[in-house]
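This report refers to the structure that appears directly beneath it.
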Amino acid sequence: QVQLVESGGGLVQAGGSLKLSCAASGRTFSRYAMGWFRQAPGKERESAAAISWSGGSTRYADSVKGRFTISRDNNKNTVYLQMNNLEPEDTAVYYCAAGQSSSLLFGSLRGDYWGQGTQVTVSS
């Protein structure tokens, strides 16, 4: 069992930065691929980024590539999403999830465990 708690969301002006954190409980964190997802009002949840269990492989949505960076610290049971040059279109609730592989997480949103989400609002 893995419990995930996101933090770091907030209100920021366009062009600003935020760093999201997702803290995981349990001693099996390092066995899971991790991902960040987002859901804007009235829209479906979409993948933003994913990272393999080792951190050696990452994937990004085209809309965030070059602006967002996903990373993980298995010693701290934490995955991060550094978001730079934020745009109003990035406004959404951001969720982290743990899954069996980064490809399944990113491509099919197939997560075994999900956090409750953290709100990110980007003003123009």
Side-chain angles (χ1 to χ4, degrees):
Q1 189 79 6
V2 176
Q3 291 185 326
L4 304 173
V5 179
E6 302 95 336
S7 62
L11 174 64
V12 64
Q13 288 188 331
S17 298
L18 282 174
K19 186 173 184 178
L20 305 183
S21 299
C22 173
S25 64
R27 289 178 285 183
T28 60
F29 172 78
S30 62
R31 299 180 185 176
Y32 288 93
M34 298 296 296
W36 284 98
F37 307 84
R38 63 187 187 180
Q39 188 166 17
K43 295 187 177 182
E44 292 186 354
R45 190 172 298 187
E46 63 178 10
S47 300
I51 188 167
S52 62
W53 67 270
S54 67
S57 175
T58 57
R59 299 169 185 258
Y60 295 95
D62 289 342
S63 58
V64 308
K65 201 171 293 183
R67 300 187 298 121
F68 291 11
T69 302
I70 188 170
S71 61
R72 66 188 296 162
D73 186 336
N74 287 342
N75 291 323
K76 295 183 178 179
N77 281 10
T78 303
V79 62
Y80 305 97
L81 186 68
Q82 176 67 48
M83 305 186 294
N84 298 328
N85 194 21
L86 283 160
E87 304 169 352
E89 292 75 21
D90 296 317
T91 295
V93 177
Y94 283 71
Y95 301 88
C96 69
Q100 298 302 312
S101 77
S102 57
S103 58
L104 285 175
L105 266 178
F106 188 85
S108 304
L109 281 71
R110 286 176 59 180
D112 294 341
Y113 304 99
W114 290 83
Q116 294 300 306
T118 185
Q119 176 70 46
V120 172
T121 303
V122 184
S123 64
S124 57

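- Figure legend: cation-pi geometry between R45 and Y95, with NZ or CZ positioned under 6.0 Å from the six-membered ring centre and within 45° of its axis.
- No donor-acceptor pair under 3.5 Å is formed between the side chain of T91 and the backbone N or O of T121.
- For W36 and F68, the distance between ring centers is not under 6.0 angstrom.
- Atom OG of S25 and atom CD of Q1 lie 7.5 Å apart (nearest 0.5 Å).
- Residues D90 and M83 form no side-chain contact, since every pair of their non-hydrogen atoms from C-beta on lies 4.5 Å or further apart.
- Within the 3.5 Å criterion, the main-chain N or O of A49 finds no donor-acceptor partner in the side chain of S47.
- Between Y32 and Y113, the ring planes are perpendicular. Angles over 60° get that label, and only those under 30° would be called parallel.
- Shown here is Q116, whose CD atom has no more than 12 heavy atoms of other residues, nucleotides or ligands within 6.0 Å.
- Looking at every heavy atom in both residues, S102 comes nearest to S52 through CB-N, 4.1 Å.
- The backbone N or O of G9 lies less than 3.5 Å from no partner atom in the side chain of Q119, so there is not a single donor-acceptor pair.
- Counting all heavy atoms, side chain and backbone alike, L105 lies closest to F37 at O-CE2, 3.3 Å.
- Minimum interatomic distance between A33 and Q100 (heavy atoms only, all atoms of both residues): CB-C, 4.5 Å.
- Residues R59 and S103 form a side-chain contact, since some pair of their non-hydrogen atoms from C-beta on lies under 4.5 Å apart.
- Between the side chains of Q82 and N84, at least one donor N or O sits under 3.5 Å from an acceptor N or O.
- Within 6.0 Å of the CD atom in Q3, the count of heavy atoms belonging to other residues, nucleotides or ligands does not exceed 12.
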**Request:** Would you sort out whether T118 and L20 count as a side-chain contact (heavy atoms from CB on, under 4.5 Å), showing the intermediate values?
**Result:** CA-CA 8 Å; T118 185; L20 305 183; 4.1 Å; yes
Open item on the list: One pair to check against side-chain contact (heavy atoms from CB on, under 4.5 Å): Y94 and L81. What are the steps and the verdict?
Closed with: CA-CA 10 Å; Y94 283 71; L81 186 68; 4.2 Å; yes
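- Between the N74 side chain and the W53 main chain, a donor and an acceptor come within less than 3.5 Å of each other.
- Here the closest non-hydrogen pair linking Y80 and D73 is CE1-CB, 4.2 Å.
- Looking at I70 and V79, their side chains come closer than 4.5 Å, going by heavy atoms from C-beta outward.
- No side-chain donor-acceptor contact under 3.5 Å links T28 to the backbone of R31.
- Although no hydrogens or angles enter the test, the distance criterion places no donor-acceptor pair under 3.5 Å between the side chain of S63 and the main chain of A61.
- Geometrically, R67 does not engage Y60 in a cation-pi contact, judged by NZ or CZ lying under 6.0 Å from the ring centre and within 45° of the ring axis.
- Taking both residues in full, the closest heavy atoms of R38 and A92 are given as CB-CB, 3.8 Å, listed atom of the first, atom of the second, then distance.
- The nearest pair of heavy atoms linking L18 to L86 is N-CD1, 3.9 Å.
- Taking OG from S71 and CD1 from I51, the interatomic distance works out to 6.0 Å, rounded to the nearest 0.5 Å.
- With contacts defined as side-chain heavy-atom distances shorter than 4.5 Å, the pair M34/C22 qualifies.
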